[in-house]
2 protein chains.
Amino acid sequence: MAGLFAALADPTRLRLLNLIGGREVCVCYFVEILRQGQPKISRHLAYLRRAGLVTARREGKWMHYRMVPQADEAAASILAAALAALKNDRQMEADRAKLDRACCAPQKLVMPEGAPRPAPVASLVES
Amino acid sequence: MAGLFAALADPTRLRLLNLIGGREVCVCYFVEILRQGQPKISRHLAYLRRAGLVTARREGKWMHYRMVPQADEAAASILAAALAALKNDRQMEADRAKLDRACCAPQKLVMPEGAPRPAPVASLVES
DNA sequence: GGCATATATTTGCTTAAGCGAATATGAGGC
DNA sequence: GCCTCATATTCGCTTAAGCAAATATATGCC
């Protein structure tokens, strides 16, 4: 219980969860959108993984992260409340908007057909 | 946002919030029920105060703590989800039960008319 | 095999959190 | 005023978290 809140008690992790919420997202987008060092992103993703909040799937060179459906009902409701709260935050909105128009450019500005596009996760699409 | 979660990311603070949830509680009950050192309890109460989650009221020698209604809607929903989640936890249930039958005995086993009884807070009674 | 890209982990450091023990404050009773 | 009780705060310490920089792992391409 306290561990769940600890996982949520960091601005970077909240931004990551906000982006992951509902869809599967490639790490390169996190780095691009948050504009933070790659090791930092990776470290926080590892934290979220250890906390059982997200899981990763490898696809070639890319790693895709998605939410883990919470078995514990209490954890699920808290996580839902947290994600809902992020919905109205200015920066979180901006982050999501950037992800929506993300077009495969982690490093170079144009990198045709390079990075995989974020894909929706059926079990988490609610709107 | 992250600050709110940090405030919730400690077992002692969760136990305190669980006891405060809905009623006004005297510090002596926290010490009695949690069976932890008084400075520790006081330190965590100060943390919750600084986080804007609880507020204190002095009544003679005793300090009574109660929840602060959250102005921010997001914070309110998260706090509500957290308190609801605590409802089903074994230890939290036991803590609340102890508070329910608390009978004015912070130190000595019987201390007639000594400590004030916990009082319900109108704005927070929901059941 | 070697090289490049994407991601993860380690290293060394700094800062914050939590703790118990001791001390301070504030109120009531004498 | 002094003493006691209830609570708060400070002190010194230990442990964990966060960071940037460097390094390691894994995949794909040649």
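Letters A, B, ... mirror the listed sequences (proteins, then strands); counts begin at 1. Because the structure is a prediction, the values reported are computed rather than measured.
In this structure, the nucleotide among dA8(D), dA27(C), dT5(C) sitting nearest to the side chain of Lys61(A) is dT5(C). Candidate nucleotides dT7(C), dC19(C), dA8(D) were compared by shortest atom distance to the side chain of Lys40(B), and dC19(C) ranks first. The listed nucleotides are dT7(D), dG20(C), dT27(D); the one nearest the side chain of Gln38(B) is dT7(D). Nearest to the side chain of Pro39(B), among dA6(D), dT9(D), dA22(D), sits dT9(D).
Within the structure, every side-chain polar atom (N or O) of Arg57(A) is placed at least 4.0 Å from both OP1 and OP2 of dT7(C). Here His44(B) reaches the OP1 or OP2 of dC19(C): one of its side-chain N or O atoms lies under 4.0 Å away. Contact check, Arg43(A) against dA21(D): no side-chain N or O comes under 4.0 Å of OP1 or OP2.
As a whole-Å value, the separation of Leu45(B) CG from dG18(C) P is 13 Å. Here the P atom of nucleotide dA17(D) and the CZ atom of Phe5(B) are 18 Å apart, to the nearest Å. Going from atom CD1 of Ile41(A) over to atom C1' of dT7(C) covers 12 Å, rounded to whole Å. If you measure from atom CG of Leu48(A) to atom P of dT9(C), you get 13 Å, rounded to the nearest angstrom. Across the protein-nucleic acid pair, Tyr47(B) atom OH and dA16(C) atom P stand 12 Å apart, rounded to whole Å. For the pair Asp10(B) CG and dA17(C) C1', the interatomic distance rounds to 9 Å; values are reported in whole Å. In this structure, Met63(B) places its CE atom 10 Å from C1' of dG26(C), rounding to the nearest Å. Distance CD (Glu59(B)) to P (dT7(D)): 11 Å, rounded to an integer number of Å.
Exactly one residue among Leu53(B), Thr55(B), Leu48(B), Leu79(B) makes a side-chain contact (heavy atoms from CB on, under 4.5 Å) with Met67(B). That residue is Leu79(B).
For the pair Leu83(A) and Leu17(A), the tightest heavy-atom approach, listed with the atom from each and the gap, is CD2-O, 3.7 Å.
Across all strands shown, Arg58(B) has heavy atoms under 4.0 Å from sugar-phosphate atoms exclusively, and none from any base. Within the 4.0 angstrom heavy-atom criterion, no nucleotide atom of any strand lies near Phe30(B).
Along DNA chain D, the nucleotide nearest to Gln36(A) and the one nearest to Gly60(A) differ in position, and the one closer to the 5' end is contacted by Gln36(A).
Gln36(B) places no side-chain N or O within 3.5 Å of a backbone atom of Phe30(B) that could act as its donor or acceptor partner. Between the side chain of Arg58(A) and the main chain of Gly60(A), a donor-acceptor pair closer than 3.5 Å is present. A donor-acceptor pair under 3.5 Å is absent between the side-chain atoms of Glu73(A) and the main chain of Ala71(A), judged by distance alone.
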